[in-house]
Amino acid sequence: MNPPRTDARRHHDPDVRGFASDNYAGAHPEVLAALALANGGHQVAYGEDAYTENLQQVIRSHFGPTAEAFPVFNGTGANVVALQAVTDRWGAVICAESAHINVDEGGAPERVGGIKLLTVPTPDGKLTPELIDRQAYGWDDEHRAMPQVVSIAQATELGTVYTPDEIRAICEHAHAHGMKVHVDGSRLANAAATLDVPLRTFTNAVGVDLLSLGGTKNGALFGEAVVVLDPDGIKHMKHLRKLSMQLASKMRFVSVQLEALLARDLWLRNARHANEMAQRLAEGVRAVHGVEILYPVQANAVFARLPHDVSERLQKRFRFYFWDEAAGDVRWMCAFDTTEDDVDRFVAALKEEMAR
Ligand SMILES: Cc1ncc(COP(=O)(O)O)c(C=O)c1O
C-alpha cells in the first residue's frame, strides 16, 4: 500500500515524471508485490533458493532448454561478466562506438574485465557484417588484441532495433570467424515488443551465444541476468560473477523480480507501453517545425535536434539530457509509467518554447 502523500518519510512527488531516463522510473507495483511475497522465512543464500530455481524454468520457457540465467545487480555488471566469459586474456570485443560498454560503463569492461574494445562508428547504433569487418582481422597478429566477440545492443543505445535477419547475419559472420555474439539486452523487452516476436526469435534462434537481460528499465527495482544461451565453450560463469562482485547473497530478491516480469506478460506490457509512449512523443514532435528527429523511433527513445536555448528552457520544465550538447542533440526516454498526459504536456511545452 502506498503511504499517504503527506507522509513525512516521502521525499519526492510521485506524480512528477520526466523524459531523462527509463531508470528514473520507480518499480512496477507487481514487482514490489512479488518482492513482498518472497520475503520472510529463510532461503538458501547465493542462488540456491526457490525463486532462482523457478527463474531458470521461466528463462528456459523463453529461450529454450539450454538457457541458463545468472542473476546480477546491474547492467554494467552483466556486460562485464558476460564478456569475460567469452574472451581470453588476449581477447577483444568488437562493438559500436556508441555502445554502452564503450561510452557509459566508466571503462569497466576494460579495467574490471580486462577486455580491449574495438569500436566501429555506425550511422544508427547498429553493426552490420561489413562494419564488423573494419575490426575483424589480425587473429594471428600478436601485436593486436584478438577479436573474439561481437557485442551488439538490442535495442541499441540510439533507440533502434535490429531485425532477426540482421542479427542472424551478424551471428553467421561472427561465427564464421570463430567469434561469439553477445547481446546487451538492457532493453531486450522493448525490442521484442517492437518486433512483436518471442524473445528467442532474435536471440538463440538466430545464433546469439549469450546476453545481458535487462530488468531494471523494464520495471524492476534493480536486477538483470546474464543468460547463457549456448553453453558450448562458456564456462565458469558462477566464478566470474563472484569475482566481478555481482553475486547477490540474498539472490531470491533479484530472481523474484525477473520472475515477476517474465513469468507472465508483465515484461511485454511494460515494454509495449513505453514504446507506445515514444511513438506518441515522436508523432507530437514531428508536428513541431524546427525540431528534427535523428533516428528511427523503434523502442522507447526519441533522439532530436533542436535549438540549444529551447532545450535549456524546456529542461526547466521537464528533465531530460543533452546527448551531444555541441550539436544540440537531446534524448527523450519513455518508461513503463510514462502517461499519455505526460507526453501531451511535454509536446505542448515544446511547442510553447519553440514559439518564444
Ligand atoms: C544499452 C545499455 N546497456 C546496459 C545498461 C545498464 O547499465 P547499468 O549498469 O546502469 O545498470 C544501460 C543503462 O543505461 C544501457 O542503456
Side-chain angles (χ1 to χ4, degrees), residues 18-27 31 70-84 93-113 115 117 119 122 124-127 149-162 167 181-194 202-203 208 210-227 241 244-248 254 257-258 261 270-271 274-275 278 295 297-303 319-323 330-336:
F19 295 85
S21 169
D22 33 7
N23 285 335
Y24 275 44
V31 172
F70 296 85
V72 294
F73 290 112
N74 57 40
T76 300
N79 288 337
V80 171
V81 171
L83 294 176
Q84 286 180 94
V93 172
I94 299 175
C95 64
E97 199 170 60
S98 54
H100 198 264
I101 54 173
N102 186 44
V103 292
D104 272 321
E105 298 192 352
E110 290 94 338
R111 280 188 69 89
V112 180
I115 296 158
L117 298 179
T119 65
T122 66
D124 55 2
K126 287 161 69 171
L127 286 176
V149 184
V150 173
S151 179
I152 61 172
Q154 173 79 322
T156 73
E157 293 73 6
L158 302 181
T160 50
V161 168
Y162 290 90
I167 298 183
V181 176
H182 163 255
V183 169
D184 177 347
S186 153
R187 298 188 183 88
L188 203 73
N190 300 86
T194 298
F202 57 97
T203 54
V208 173
L210 79 173
L211 55 94
S212 305
L213 177 64
T216 315
K217 297 177 202 312
N218 193 218
L221 200 61
F222 67 92
E224 325 265 306
V226 177
V227 180
R241 178 176 55 181
S244 308
M245 297 165 281
Q246 287 287 326
L247 179 63
V254 184
Q257 293 182 67
L258 296 171
L261 290 171
N270 284 351
N275 290 2
Y295 307 110
V297 178
Q298 294 172 336
N300 60 329
V302 179
F303 287 81
R319 291 201 64 149
F320 63 89
Y321 290 112
F322 277 102
W323 199 249
V330 298
R331 183 188 78 162
W332 297 320
M333 296 298 301
C334 296
F336 72 87

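Atoms within each ligand, like the ligands themselves, are counted from 1 in listed order.
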With sequence neighbours excluded, what pairs up with D22 under the salt bridge (Lys or Arg N to Asp or Glu O under 4.0 Å) test?
R187
Could you work out, with salt bridge (Lys or Arg N to Asp or Glu O under 4.0 Å) as the rule, every residue matching K126, not counting sequence neighbours?
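E166.
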Which residue from K217, R187, Q154 reaches closest to atom 13 (C) of ligand 1 through any of its heavy atoms?
K217
Closest approach of L127 to Y162 (non-hydrogen atoms, all atoms of both residues)
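Closest approach of L127 to Y162, heavy atoms only: N-OH, 2.7 Å.
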For E224 versus A78, what's the shortest heavy-atom pair and its separation?
CB-CB, 4.5 Å
Can a donor-acceptor pair be found between the side chains of N218 and N270 at a distance below 3.5 Å?
no
Report, in ascending order of atom number, the atoms of ligand 1 lying under 4.0 Å from any heavy atom of T76.
6 (C), 7 (O), 8 (P), 9 (O)
Test item, T216 contacting ligand 1 (heavy atom, 4.0 angstrom)
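T216: no contact with ligand 1 (<4.0 Å).
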Report the nearest protein non-hydrogen atom to atom 6 (C) of ligand 1: residue, atom name, distance rounded to 0.1 Å.
G75 CA, 3.4 Å
Please state which part of E157 comes within less than 4.0 Å of ligand 1, counting heavy atoms only: side chain, backbone, both or neither.
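Side chain only.
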For ligand 1, which part of A153 has a heavy atom less than 4.0 Å away: the side chain, the backbone, both, or neither?
neither
Between D184 and ligand 1, is there a nitrogen or oxygen pair with a distance under 3.5 Å?
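Yes, D184 has an N/O under 3.5 Å of an N/O on ligand 1.
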Do H100 and ligand 1 have an N or O pair less than 3.5 Å apart?
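Yes; at least one N/O pair falls below 3.5 Å.
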Determine whether Q84 and S244 satisfy the following criterion, side-chain contact (heavy atoms from CB on, under 4.5 Å), listing intermediate values before the conclusion.
CA-CA 10 Å; Q84 286 180 94; S244 308; 2.9 Å; yes
